[in-house]
Amino acid sequence: MKVSKNIRIIALSLLSVLFFGAVRAQAATYYVATTGNDASACAQSQSTATPRRTLASGISCLAPGDKLYIRAGTYAEQLNISGLGKTGTVNQWLTIAGYPGEKVIIRPPAPMAGYGAVRLRGISSWVRVENLDIDGANLADYEGWIIAYGSHDIIIDNVRIYNQHFHGLYIEGDNITIQNSEIHDPRTDCVAGHRYYGIYFHNGNNGLIQSNNIHRNAGGGIQVYGESGSISNTTIRGNRIHDNNFCPTSPIGGIIVDQYRATTPLTNVSVYNNLVYNNGSLPGHAVGKTPGITVSTGGTGIKVWNNTVYGNDGQGIVVYGELLRNTLVQNNISYNNTLNNIQNSAPDTIIDHNLTTNPYFINAAGFDFRVPTSSPAIDAGIILGQVSMDFANNPRPEGFTHDIGAYELGTDSLDTTPPSAPKGVAIR
């Protein structure tokens, strides 16, 4: 007896389901709006015409691979992802985003039982959060955004975090990316012993902090601190870190890379193409104790490359600690900081091809740290294969070798050298 081709295909499909499990045919996109209705079925809320009303209701519809778009407005509730048991999978990320071109503010009421405005920890991984304002104005002390307790593979993109009552963002987890975001202006009482960072990267591997604007935080800008676990292969690049520290009880600066003890290893952390300036400029800060970049205590293979460090109320770049090994400080501009522009007391640190004299910025007072062709920073660095782009995403090197500092002379630099007089030209 012959079996038709269609029957064979159906049988094979059923066997695939039995052996490999059912696979969702297509990811869905859902919508939430302040004018929506939570009585809408999940299938109905896949249309912009019939959105759901609350974040919790919209999130409840999500499965791995789905996206939730939040329309413009202020939402007086927590963005609760993990509390509702939601997560993506390795091939099907979960995305929660403000609708393109619209302003979405998440401002939950107090208290939030320690979870903060966003609950994304533990069960939740393979999650993207995009295009949102996270406002902690109503939160109690220590209620902030924490990514921890097993969460991994998280991307935060184009998110503005402010009015937090502790750190802007606390991270424990692998494969965490923070990019194109702004973290600023917390609420704090400057309690002694607390540091109040914009980003506190507490432990994790393969972290990426890039292209963020971190400013006016009570303590430091970014701290990478291996206290309760290892940190490896973490990159801090292309960020603008400025005007942090207004607590006299928190004498820290722009970027800090620190190993707590030898049992919590910190290896291969790269800090490059950052603009680090004016930290310690706010009233109330700890005078003379706000370095631009600090590498301290311990760690192996930390690279401080092609940063521009200017006008910080402390050292520009300071390296110290008997447990530090193979630290590289190269191709940096460190200028006009109140203490030493570069200071080192750690063993086997390599410090070369840095510029601590006037680089002739285009307009330092206006925070334009590009340099002209006449600057001593041009073609004065060494080739660094890992640093293939500059702060403005121009390719490096443009000339014979890398320029020193965060900018490479290119389309985003200005040539202020006057033109030479023409030769051999006659006017008739």
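Quick note: numbers below take in every heavy atom, side chains included, and nothing from hydrogens, waters or symmetry partners. Bear in mind the structure is a predicted one, so any value in this text is a computation, not a measurement.
Side-chain atoms of Asp390 come within 3.5 Å of backbone N or O of Glu408 as a donor-acceptor pair. A donor-acceptor distance shorter than 3.5 angstrom exists from the side chain of Asn244 to the backbone of Asn217, with no hydrogens or angles considered. Without hydrogens or angle criteria, Asn278 side chain to His242 main chain gives no donor-acceptor distance under 3.5 Å. Judged by distance alone, with hydrogens and angles left aside, the side-chain atoms of Thr297 form no donor-acceptor pair with the main-chain N or O of Asp258 at under 3.5 Å. In this structure, the side chain of Thr338 engages the main chain of Gly314 through a donor-acceptor pair within 3.5 Å. Remark: the backbone N or O of Tyr197 is paired with a side-chain donor or acceptor of His167 at under 3.5 angstrom. In this structure, Ser181 contributes its side chain and Gln179 its backbone to a donor-acceptor pair below 3.5 Å. Using a distance-only test at 3.5 Å, with no hydrogens or angles considered, no donor-acceptor pair links the side chain of Arg52 to the main chain of Asn37. With hydrogens and angles disregarded, a donor-acceptor distance shorter than 3.5 Å links the side chain of Thr50 to the backbone of Gln44. Here the side chain of Thr87 pairs a donor or acceptor atom with the backbone of Ser125 at under 3.5 angstrom.
The shortest side-chain heavy-atom distance between Asn212 and Ile183 does not fall under the 4.5 Å cut-off. Side-chain contact check for His152 versus Trp126: some heavy-atom pair is nearer than 4.5 Å. Looking at Gln386 and Leu384, their side chains never come closer than 4.5 Å, going by heavy atoms from C-beta outward. Side-chain contact check for Lys86 versus Ile123: every heavy-atom pair is 4.5 Å or farther apart. Between Gln330 and Ile350, some side-chain heavy-atom pair lies under the 4.5 Å cut-off. Residues Ile302 and Leu266 have side chains in contact (heavy-atom distance under 4.5 Å, counting atoms from C-beta outward). The side-chain heavy atoms of Cys61 and Asp66, taken from C-beta on, include no pair separated by under 4.5 Å. Residues Trp305 and Leu328 are in side-chain contact: their nearest non-hydrogen atoms beyond the backbone lie under 4.5 Å apart.
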Q: Test Ile81 against Ile96 for side-chain contact (heavy atoms from CB on, under 4.5 Å), laying out the working first.
A: CA-CA 9 Å; Ile81 302 168; Ile96 298 174; 3.6 Å; yes
Q) Between Phe369 and Ile333, is a side-chain contact (heavy atoms from CB on, under 4.5 Å) present by the stated rule, with each step listed? A) CA-CA 10 Å; Phe369 297 108; Ile333 294 175; over 6 Å; no
Q: Applying side-chain contact (heavy atoms from CB on, under 4.5 Å), run through Val329 and Asn344 and close with a yes or a no.
A: CA-CA 10 Å; Val329 179; Asn344 173 62; over 6 Å; no
Q: Applying ring-ring contact (aromatic ring centres under 6.0 Å, His included), run through Phe361 and Tyr310 and close with a yes or a no.
A: CA-CA 10 Å; Phe361 294 124; Tyr310 175 84; 5.6 Å; yes
(Q) Using ring-ring contact (aromatic ring centres under 6.0 Å, His included), reason through Phe166 and Tyr196 one step at a time and then give a plain yes or no. (A) CA-CA 5 Å; Phe166 202 46; Tyr196 309 107; 5.6 Å; yes
Q.
Before you tell me yes or no, could you show the steps for Leu208 and Asn206 under side-chain contact (heavy atoms from CB on, under 4.5 Å), namely the whole-Å CA-CA distance, both residues' side-chain angles and the distance that decides it to 0.1 Å?
A. CA-CA 7 Å; Leu208 177 59; Asn206 309 313; over 6 Å; no
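Looking at every heavy atom in both residues, Asp243 comes nearest to Ser281 through OD1-OG, 2.7 Å. Here the closest non-hydrogen pair linking Cys42 and Ser45 is O-OG, 2.8 Å. When every heavy atom of Arg128 is checked against every heavy atom of Asp157, the shortest pair comes out as NH2-OD2, 3.8 Å. The minimum heavy-atom distance between Pro108 and Leu139, with the atom names listed, is CG-CD2, 4.0 Å. The two residues Ala380 and His353 come nearest to each other via the heavy atoms O-CD2, 3.5 Å. Closest approach of Pro347 to Arg325, counting heavy atoms only: CG-NH1, 3.1 Å.
Atoms CD1 and OG, from Ile171 and Ser151 in turn, are 11.5 Å apart once rounded to the nearest 0.5 Å. Here the OG1 atom belonging to Thr401 is positioned 11.5 Å from the CD1 atom belonging to Ile378, to the nearest 0.5 angstrom. Distance check: Ser60 OG to Leu62 CG gives 7.5 Å after rounding to the nearest 0.5 Å. Put simply, CD on Gln259 and CG on Leu324 are 8.0 Å apart, with the number rounded to the nearest 0.5 Å. In this structure, CG in Leu68 is found 10.0 Å from OH in Tyr31, a value given to the nearest 0.5 Å. Atom CG of Leu84 is separated from atom OG of Ser57 by 10.0 Å, given to the nearest 0.5 angstrom.
Listed by first and then second residue, the salt bridge (Lys or Arg N to Asp or Glu O under 4.0 Å) pairs that reach into residues 187-209 come to none, sequence neighbours excluded. For residues 97-122, the side chain to side chain donor-acceptor pair (under 3.5 Å) pairs, not counting sequence neighbours, are Arg71-Glu102, Lys103-Asp133, Arg107-Asp135, Tyr115-Arg119.
A donor-acceptor pair shorter than 3.5 Å cannot be found between the side chains of Asn158 and Asn180. Between the side chains of Asn233 and Asn205, no donor-acceptor pair of N or O atoms lies under 3.5 Å. Residues Asn245 and Asn279 have side chains that never bring a donor and an acceptor to within less than 3.5 angstrom of each other. A donor atom on one side chain and an acceptor atom on the other are not found under 3.5 Å apart for Asp313 and Thr290. In this model, a donor atom of one side chain and an acceptor atom of the other lie less than 3.5 Å apart for Arg396 and Asn273. Counting only N and O atoms by type, the side chains of Asp185 and Tyr162 include no donor and acceptor under 3.5 Å apart.
Applying side chain to side chain donor-acceptor pair (under 3.5 Å) to Asn332 and the options Asn307, Thr356, Asn306 leaves one that passes, Asn307. When Val129, Val118, Leu55, Ile161 are each tested for a side-chain contact (heavy atoms from CB on, under 4.5 Å) with Ile106, only one passes: Leu55. Between Lys303 and the choices Thr235, Asn268, Asn326, Thr327, the side chain to side chain donor-acceptor pair (under 3.5 Å) rule is met once, by Asn268.
Ring planes of Tyr200 and His202: perpendicular class, angle over 60° (limits at 30 and 60°).
In this structure Asn91 satisfies the side chain to side chain donor-acceptor pair (under 3.5 Å) test with no other residue, sequence neighbours excluded. Considering only residues two or more places apart in sequence or on other chains, Gln343 meets the side chain to side chain contact (heavy atoms under 4.5 Å, CB included) condition with Gln315, Val318, Asn340. Scored by the salt bridge (charged side-chain N to carboxylate O under 4.0 Å, His left out) test, Asp379 finds no partners at all (sequence neighbours excluded). For Thr54, the side chain to side chain donor-acceptor pair (under 3.5 Å) partners two or more places apart in sequence, or in a different chain, are Asp38.
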